[in-house]
There are 2 protein chains.
Amino acid sequence: MPVRLTPNAPDTPLVSGVDDAALRQFLGYNMKRAFNVVQADLTQTLKPLGLRMLTYTALVLIVENPGLSQSQLAAAMDVERPNLVEIIDELEQRALVLRRRVPADRRIYALTATPEGIQLCQKALAADKAHEARLFEGIPPQTIETLIEAMQTVRTRGALGAK
Amino acid sequence: MPVRLTPNAPDTPLVSGVDDAALRQFLGYNMKRAFNVVQADLTQTLKPLGLRMLTYTALVLIVENPGLSQSQLAAAMDVERPNLVEIIDELEQRALVLRRRVPADRRIYALTATPEGIQLCQKALAADKAHEARLFEGIPPQTIETLIEAMQTVRTRGALGAK
DNA sequence: TATTGTTATACTCTATAACTATA
DNA sequence: TATAGTTATAGAGTATAACAATA
């Protein structure tokens, strides 16, 4: 007799023949599975624009916060400073952003977007909106809003608790 | 004058001085940021048990679905078959699961958990529950349930839409 | 001394092609 | 031929240590 970790499985398993009821009770598991779907779709959405999720995020934050330093951006994106170098290299080589030396503190690069960068950023944001509208079609806007708020709660509560 | 992609930012930025309002409107962005927090905490939770998220997931699914094949498990976990080999190797070397040849079809390995594997699985599930209770403390159970249902909707709707 | 950006490096997760043994 | 498991390999994403330039 198979060992049952859950008394019974009310929902039908998603993958034919394999039951993941014991894992589906966890929000984290469902977040991962759902995010995999979102990420795959967003990656395809950004590909025609020549952007990855990381370069897209960096570009938007630079456009929105002109003059910020690489350290500030790395902290905002929750990536280590060394990993940001290649991301900015890529954006700079495509002339989407500029590294400007700051006279007052010559250690810092002030990051700014070029007009082309701003234009691509706006295209990417529009594509992202269309991607989410398509992917989340049928989910009530009120529910989406609740989801976003809950995700922000998890993000901040977890970040505090981890410290 | 800085370019504003959003008319105004109602919430305070999470990282000092850097505003991510244009991205925070997206559920996908919030899912990623929130899941990063959950993943970091779960990884630390599983570490004392010698498990990674991937080996943990595989172990639970094998315990719950004794006799399934590596291909079935790979499909259930949404990983490619080659990547599962190392995961099963790791579990097998620790004597948590067994690869049993199936006489009827000698190409297939039937995966089963050993008593030690079942025991560790139950410990890991308990640790996962404690981790989520701690991380999501303060979020009403009703909201958690809504979140899980919404994540499952995204997962299945997205998976269909991507095809 | 401390910080910014950088290089080098390594580890995990993921993806593809090609092999073997079985069917 | 087709499938299950495997090997080899490569690409992302992420993390740490150490360095040069600057403060």
Side-chain angles (χ1 to χ4, degrees), chain A residues 16-18 32-33 35-40 42-44 46-47 50-58 62 67-93 97-111 162, chain B residues 16-18 29 32-33 35-44 46-47 50-58 62 67-93 97-111 162:
Chain A
S16 67
V18 180
K32 174 164 175 60
R33 301 305 294 255
F35 181 67
N36 280 349
V37 170
V38 175
Q39 181 173 42
L42 180 58
T43 298
Q44 286 309 114
L46 293 174
K47 187 172 282 184
L51 293 170
R52 298 175 285 147
M53 276 180 44
L54 283 168
T55 52
Y56 165 57
T57 302
I62 293 168
L68 88 171
S69 70
Q70 289 189 198
S71 287
Q72 286 177 310
L73 180 54
M77 289 177 64
D78 262 332
V79 303
E80 296 300 317
R81 275 62 75 211
N83 297 325
L84 193 64
V85 174
E86 175 220 20
I87 294 169
I88 303 302
D89 281 350
E90 190 176 322
L91 292 172
E92 191 183 38
Q93 279 156 25
V97 309
L98 300 173
R99 281 192 248 234
R100 285 181 41 255
R101 275 288 178 209
V102 178
D105 187 339
R106 293 181 40 77
R107 293 173 301 184
I108 295 173
Y109 281 125
L111 301 172
Chain B
S16 66
V18 180
Y29 176 75
K32 174 163 175 59
R33 301 305 294 255
F35 181 68
N36 280 350
V37 170
V38 175
Q39 181 173 42
D41 196 272
L42 180 58
T43 298
Q44 286 309 115
L46 294 174
K47 186 170 280 183
L51 293 171
R52 297 174 286 147
M53 276 181 44
L54 283 168
T55 53
Y56 165 57
T57 302
I62 292 168
L68 87 170
S69 70
Q70 289 187 198
S71 287
Q72 286 176 309
L73 180 55
M77 289 177 63
D78 261 332
V79 303
E80 296 300 318
R81 274 65 73 212
N83 297 324
L84 193 64
V85 175
E86 176 221 18
I87 294 169
I88 303 301
D89 282 350
E90 190 176 322
L91 293 173
E92 192 185 37
Q93 281 157 24
V97 309
L98 300 173
R99 280 192 249 233
R100 286 182 39 254
R101 274 288 178 211
V102 178
D105 187 340
R106 293 180 39 76
R107 293 173 300 184
I108 296 172
Y109 281 125
L111 302 172

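Residue numbers begin at 1 in each chain, while the letters A, B, ... track the order of the sequences. No experiment lies behind these values; they were computed from the predicted model shown.
- Distance, Asn36(A) CG to dT14(C) C1': 10 Å, rounded to whole Å.
- The side chain of Val85(A) sits closest to dT7(C) out of dA2(C), dT7(C), dA21(C).
- Residues Arg52(B) and Ile87(B) are in side-chain contact: their nearest non-hydrogen atoms beyond the backbone lie under 4.5 Å apart.
- The side chain to side chain contact (heavy atoms under 4.5 Å, CB included) check on Gln70(A) picks up Leu84(A), Val85(A), Ile88(A), Arg99(A), Tyr109(A), Leu111(A), with sequence neighbours excluded.
- Shortest non-hydrogen contact noted between Pro103(A) and Arg101(A) is CD-O, 3.5 Å.
- In this structure Ser69(B) satisfies the side chain to side chain contact (heavy atoms under 4.5 Å, CB included) test together with Ser71(B), Gln72(B), Ile108(B), sequence neighbours excluded.
- Between Gln39(A) and Pro103(A), it is Gln39(A) whose nearest contact on DNA chain D lies nearer the 5' terminus.
- To the nearest angstrom, P of dT4(C) lies 16 Å from CZ of Arg106(A).
- Judged by distance alone, with hydrogens and angles left aside, the side-chain atoms of Arg100(B) form no donor-acceptor pair with the main-chain N or O of Ala110(B) at under 3.5 Å.
- Residue Tyr56(B) contributes atom OH, which lies 19 Å from atom C1' of dC13(C) at whole-angstrom precision.
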Can you check nucleotides 8-12 of chain C for protein contacts, nitrogen or oxygen pairs under 3.5 Å, and list what you find?
none

Where do Leu73(A) and Val18(B) land on the side-chain contact (heavy atoms from CB on, under 4.5 Å) test, with the steps shown first? CA-CA 8 Å; Leu73(A) 180 54; Val18(B) 180; 5.5 Å; no
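- In this structure, Ile108(A) atom CD1 and dA2(C) atom P are separated by 18 Å, rounded to whole Å.
- For the pair Val79(A) and Arg101(B), nearest-nucleotide mapping onto DNA chain D gives the more 5' position to Arg101(B).
- Side-chain proximity of Ser69(A) to dT3(C), dT22(C), dG5(C): nearest is dG5(C).
- Protein chain A touches strand DNA chain D; the 5'-most and 3'-most nucleotides with an atom under 4.0 angstrom of its non-hydrogen atoms are dG13(D) to dA23(D).
- Considering only residues two or more places apart in sequence or on other chains, Arg107(A) meets the side-chain hydrogen bond (donor to acceptor under 3.5 Å, both in side chains) condition with Asp105(A).
- Using modelled atom types, no side-chain atom of Thr55(A) and backbone atom of Leu51(A) make a donor-acceptor pair closer than 3.5 Å.
- One atom, CE of Met77(B), and another, C1' of dC13(C), lie 11 Å apart when rounded to the nearest Å.
- If you measure from atom CZ of Arg81(B) to atom P of dA17(C), you get 12 Å, rounded to the nearest angstrom.
- Within 4.0 Å of Glu80(B), counting heavy atoms only, lies at least one base atom of the nucleic acid.
- The residue among Tyr109(A) and Lys32(A) whose nearest nucleotide of DNA chain C is located toward the 5' end is Tyr109(A).
- Here the C1' atom of nucleotide dC13(C) and the CG atom of Asp78(B) are 14 Å apart, to the nearest Å.
- Evaluation of the side chain to side chain contact (heavy atoms under 4.5 Å, CB included) rule for Asn36(B) yields Lys32(B), Gln39(B) as partners, not counting sequence neighbours.
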